[in-house]
Amino acid sequence: MGLFRSHRTWVHMRNLIRTCLEEAVGHLAADVAADILPEVVVEPPRDRQFGDFASNIAMQLARVLKRNPRDIAVELAAMLGEREDIAAVDVAGPGFINITLPPSAWTGQLRRIFQRGTRWGEDEGGRGRRVMVEFVSANPTGPLHIGHGRGAAVGDSLVRILRKAGYTVISEYYINDAGNQMETLGRSLQRRYLELAGEINESYPETYYQGEYLVDLARRLREERGTELVDPTDPDASLPLFTEYAGRLILDGISDDLAAFGIRFDNWTSEKQLFEDGRVDRLIAELRERGQLYEQDGALWFPASRMGDEKDRVVVRSNGVKTYFASDIAYHRDKDERGFDVMVDVWGADHHGYVPRLAAALQAVGIDSARFVVILVQLVSLMRGEQPVAMSTRAGQFVTLREVIDEVGKDAARFFFLMRRPDSHLDFDLELAKSQSNENPVYYVQYAHARICSILRTAAEKGVAIPQTAAFDLSSLHLEEELELIRKLDAFPVVVETAAAVFEPHRVSYYVSELAALFHSYYNRHRVVSEDGAVTAARLVLVQAVRNILQSGLELLGVDAPESM
RNA sequence: GCGCCCAUAGCUCAGCUGGAUAGAGCGUCUGACUACGGAUCAGAAGGUCGGGUGUUCGAAUCAUCCUGGGCGCGCCA
């Protein structure tokens, strides 16, 4: 059986090598129960001199087989070495198996990658499993700030990555439009409105929302309705109108800001709606039926402490008001009923204390909490060069996402948010993000893409045919830099798969940066378009493949891949 | 006080869930096209992976303790 004659023509090399090793291990350990055999892991070696791939399986097997790892490695290597399509197999160190493929294997792989185009990296790993990714979900009480921006970038990129990895994904925004914060919002707008009408003399209360945007909304309301909403006898009567007005316009603004950030949600779910159509009540009834509620001090409690949380939590307050916790359980019960295998929630890290209680509650209504994944995104420190930018939500002084997008651009903002692990603190430097210099990593990647486009334009101007297929001889691609590029392209599906599995978009950011670096280096050393027709054609195939992967990698981050800059 | 997260080069951070001599960008220093875009490239210097103990063939990675920083501990959302 030929190693590279797979029924799936788009399989990356690493998986093929793994399959080969698994076969060999099967022969070697035929009498060992399969379930105690260690998983075969194949990865690039630390040092390229060791070859294309390395596996530590012999050392893992040593434990099970109770044999010297080097002996095992030698035997496995002997089996692999018989294959014609493997150039060399070596045993090194304590028992690493190092595998080298012939250049023809790599050019053959390049051909497949090229023909796959921007679909290279699409995988079936998700097997169509249904995932909901819920993110942002900010209260419609004010514009999105920069912290929301990070959550938005992470959530949206996760959606893109999961889709690429073969999952069926729905993105959703949960609108927290119920509760007393909305009432406070209404009162705040009402107050600003009355101030405009000259009805108020006292200073604006500290407990109200402080942002300037409420003054703008009040002006707008006044333009639309004049002073007809001034009702000195019964201010509460018109309060719902203010609340509804503020909530609706702020949510529209949030939606616009997200659109400017390249984000469109598949679905929006209203918390208020959950209350109004009885889903919250049904959930509470369900908890009661399952014996998961008790009454104390006039309130209804969920015994979360029985399932790992610090203390029990109130579901219905003694005044009859249902808590946010209640609606949140109901919301996740609803997600479950909509048939999602996995529910991913992207939250600010300051909500981490909330995770155990919700996980416990889901478990209590029969939802395996392993299906509930919370990605905690750490807060963002905004910097302007060395100087921290002061932000205080309370004082209404915060930098909005919109301001950041306007100042540094969507691409830089998204890339910066996705450069770090979600659970790592992020310093966001506005000056750096804005600078069109070599300090800025966004341009580095985009420039690589634009440069390739430029090469293709040059080739076209010179009358060189741009290869549309790779169905010709690529054997002139034998330089180490060229093989290195192909290996990197080959690894893209692994990056997508891993980023999806561990919910870490920053892996894609690193990948595209590394791929761009390999390309820039190659570009500076070797000409693509030259007098040699065969070499030119082969190199055009290579750089076009690089372009495709840069493009789809950036696509996963929601960053544009410009043809010129 | 209890819980969660973090600690890796001067700075900002990766490290492919336990592998070989710990990497990248920025900054610093030295260099590179009269050719496809110099927003680029080549090279150098820079480390007790916060500290201790443990687990094993093998630890930045796992366990545990300590130190230091962030966050959370409401009948708020």
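A, B, ... follow the sequence lines: proteins, then strands. Residue 1 opens every chain.
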Novice: Could you tell me how far B:rU12 sits from B:rG72 if I compare only their C1' atoms? Round to whole Å.
Specialist: 26 Å

Novice: Regarding A:Y354, tell me which of base, sugar-phosphate or nothing describes its non-hydrogen contacts under 4.0 Å with the strands shown.
Specialist: base

Novice: Could you tell me whether A:R384 and A:E407 have a side-chain N and a carboxylate O separated by less than 4.0 Å?
Specialist: yes

Novice: Salt bridge check: are A:E183 and A:R187 linked by an N-O gap of less than 4.0 Å?
Specialist: yes

Novice: Do the rings of A:H12 and A:W120 sit parallel, tilted or perpendicular, given the 30° and 60° boundaries?
Specialist: perpendicular

Novice: Looking for any heavy atom pair under 4.0 Å, which part of the strands does A:Q60 touch: base, sugar-phosphate only, or nothing?
Specialist: base

Novice: When the P atoms of B:rG74 and B:rU8 are considered, how many whole Å apart are they?
Specialist: 32 Å

Novice: Heavy atoms under 4.0 Å, any strand shown: does A:V502 hit a base, just sugar-phosphate, or nothing?
Specialist: base

Novice: Rounded to whole Å, how long is the line connecting atom CH2 of A:W347 with atom C1' of B:rA77?
Specialist: 12 Å

Novice: Using the C1' atom as the reference point in each nucleotide, state the distance between B:rA44 and B:rC6 in Å, no decimals.
Specialist: 33 Å

Novice: So is the aromatic ring of A:Y324 stacked onto the base of B:rC76, judging by whether the centres are under 5.5 Å apart and the planes are under 30° apart?
Specialist: no

Novice: If the plane angle is over 60° it's perpendicular, under 30° parallel, otherwise tilted; pick one for A:F417 and A:F428.
Specialist: tilted

Novice: From the list B:rC41, B:rA39, B:rA77, which nucleotide is the closest neighbour of the side chain of A:R317?
Specialist: B:rA77

Novice: Taking only the side-chain heavy atoms of A:R507 (C-beta and beyond), determine which of B:rC57, B:rG37, B:rC16 contains the nearest atom.
Specialist: B:rC16

Novice: Any strand is fair game: report the nucleotide pairing with B:rG37 by Watson-Crick or G-U wobble, both distances under 3.5 Å, or none.
Specialist: none

Novice: Which nucleotide in the list B:rA20, B:rG15, B:rG19 gets nearest to the side chain of A:F50?
Specialist: B:rA20

Novice: Using whole Å, report how far CZ of A:R46 lies from P of B:rA20.
Specialist: 4 Å

Novice: Could you check which of B:rC13, B:rG72, B:rG37 has an atom nearest any side-chain atom of A:D427?
Specialist: B:rC13

Novice: With both distances under 3.5 Å as the test, what is the Watson-Crick or G-U wobble partner of B:rA63?
Specialist: B:rU53

Novice: The side chain of A:A92 lies closest to which of these nucleotides: B:rA20, B:rG70, B:rA77?
Specialist: B:rA20

Novice: From the set B:rA7, B:rG3, B:rA77, return the single nucleotide nearest to any side-chain atom of A:N139.
Specialist: B:rA77

Novice: Using a cut-off of less than 4.0 Å, is there contact between a side-chain N or O of A:K311 and OP1 or OP2 of B:rG74?
Specialist: yes

Novice: Say you pick atom P in B:rG27 and the same atom in B:rG15; how far apart are they, in whole Å?
Specialist: 23 Å

Novice: Tell me, yes or no, whether the heavy-atom count around A:R457 atom CZ, taken from other residues, nucleotides or ligands under 6.0 Å, exceeds 12.
Specialist: yes

Novice: Nearest whole angstrom, please: distance from the C1' of B:rU17 to the CD of A:E497.
Specialist: 14 Å

Novice: What distance, rounded to whole Å, do you find between the two P atoms, one in B:rG54 and one in B:rG47?
Specialist: 27 Å

Novice: Donor-acceptor pair under 3.5 Å: do we get one between A:R63's side chain and the base of B:rG58?
Specialist: yes

Novice: From B:rG38, B:rC73, B:rA77, pick the nucleotide closest to the side chain of A:Y523?
Specialist: B:rG38

Novice: For A:F96 and B:rG19, are the ring centres under 5.5 Å apart with planes inclined under 30°?
Specialist: no

Novice: Under 3.5 Å for both donor-acceptor distances, Watson-Crick or wobble: does B:rA42 have a partner, and if so which one?
Specialist: B:rU30

Novice: Examine distances only and state if a side-chain atom of A:Q363 and a backbone atom of A:S369 form a donor-acceptor pair shorter than 3.5 Å.
Specialist: yes

Novice: Kindly indicate whether the side chain of A:L376, heavy atoms from C-beta on, has any atom under 4.5 Å from the side chain of A:P422.
Specialist: no

Novice: Assign each of A:Y522 and A:M59 to its nearest nucleotide of RNA chain B by heavy atoms, then name whichever residue's nucleotide is nearer the 5' end.
Specialist: A:M59

Novice: To the side chain of A:E271, which of B:rG37, B:rA77, B:rA14 is closest?
Specialist: B:rA77

Novice: Which whole number of Å gives the distance between the P atom of B:rC76 and that of B:rA9?
Specialist: 45 Å

Novice: On a whole-Å scale, what distance lies between the C1' atoms belonging to B:rA42 and B:rC49?
Specialist: 29 Å

Novice: Check the distance between B:rC5's C1' and A:I375's CD1 and give it to me in whole angstrom.
Specialist: 14 Å

Novice: Checking all strands, does A:A54 fall into the base, sugar-phosphate, or nothing category for heavy-atom contacts under 4.0 angstrom?
Specialist: base

Novice: Using the ring of each side chain (for Trp, its six-membered ring), is A:Y510 parallel, tilted or perpendicular to A:H506, with breaks at 30° and 60°?
Specialist: perpendicular

Novice: For the side chain of A:H520 and the backbone of A:Y447, is there at least one donor-acceptor N/O pair under 3.5 Å apart?
Specialist: no

Novice: Would you say the side chain of A:H425 and the base of B:rG69 hold a donor-acceptor pair, judged only by whether the two atoms sit under 3.5 Å apart?
Specialist: no

Novice: Choose from B:rA14, B:rG37, B:rA77 the nucleotide whose nearest atom is closest to any side-chain atom of A:R420.
Specialist: B:rA14

Novice: Measure from NE2 on A:H506 to P on B:rC6 and round the result to the nearest Å.
Specialist: 12 Å

Novice: Quick one: the side chain of A:D177 and the base of B:rA77, do they pair up donor-acceptor inside 3.5 Å?
Specialist: no

Novice: Starting from the 5' end of RNA chain B, give me the residue, A:R357 or A:R313, whose nearest nucleotide shows up first.
Specialist: A:R313

Novice: Counting heavy atoms from C-beta on, name the nucleotide in B:rA77, B:rG74, B:rC5 closest to the side chain of A:Q378.
Specialist: B:rC5

Novice: Between C1' on B:rC57 and CG on A:N68, what's the gap in Å once rounded to a whole number?
Specialist: 10 Å

Novice: By the 4.0 Å heavy-atom rule, please label A:S513 as base, sugar-phosphate, or nothing.
Specialist: nothing

Novice: Rounded off to whole Å, could you give me the CZ-to-P distance for the A:R525 and B:rA32 pair?
Specialist: 16 Å

Novice: Does B:rC71 pair with anything, Watson-Crick or G-U wobble, both distances under 3.5 Å, and if so, with which nucleotide?
Specialist: B:rG3

Novice: Reckon A:D312 touches a base, only the sugar-phosphate, or nothing at all at heavy-atom distances under 4.0 Å?
Specialist: nothing

Novice: Just say parallel, tilted or perpendicular for the rings of A:F325 and A:Y354, cut-offs at 30° and 60°.
Specialist: perpendicular

Novice: Pick base, sugar-phosphate or nothing for A:R451, based on heavy-atom distances below 4.0 Å to the nucleic acid.
Specialist: sugar-phosphate

Novice: Mind checking A:S454 for me? I need base, sugar-phosphate or nothing, with any heavy atom below 4.0 Å counting as a touch.
Specialist: base

Novice: At under 4.0 Å between heavy atoms, what does A:D328 touch on the DNA or RNA strands: base, sugar-phosphate, or nothing?
Specialist: nothing

Novice: Would you mind classifying the nucleic acid contact of A:H352 as base, sugar-phosphate or nothing, using non-hydrogen atoms under 4.0 angstrom?
Specialist: base

Novice: Tell me if the side-chain of A:S318 makes a donor-acceptor pair with the base of B:rC75, cut-off 3.5 Å, by modelled atom types.
Specialist: yes

Novice: Rounded to the nearest angstrom, tell me the gap between atom CZ in A:R67 and atom P in B:rC57.
Specialist: 17 Å

Novice: Give A:N56 one of three labels, base, sugar-phosphate or nothing, depending on what nucleic acid heavy atoms sit under 4.0 Å from its own.
Specialist: base

Novice: Would you measure the distance from the P atom in B:rC13 across to the matching atom in B:rU21 and give it in whole Å?
Specialist: 29 Å

Novice: Can you tell me the base-pairing partner of B:rA22? Count Watson-Crick or G-U wobble geometry only, both distances below 3.5 Å, and say none if there is no partner.
Specialist: none

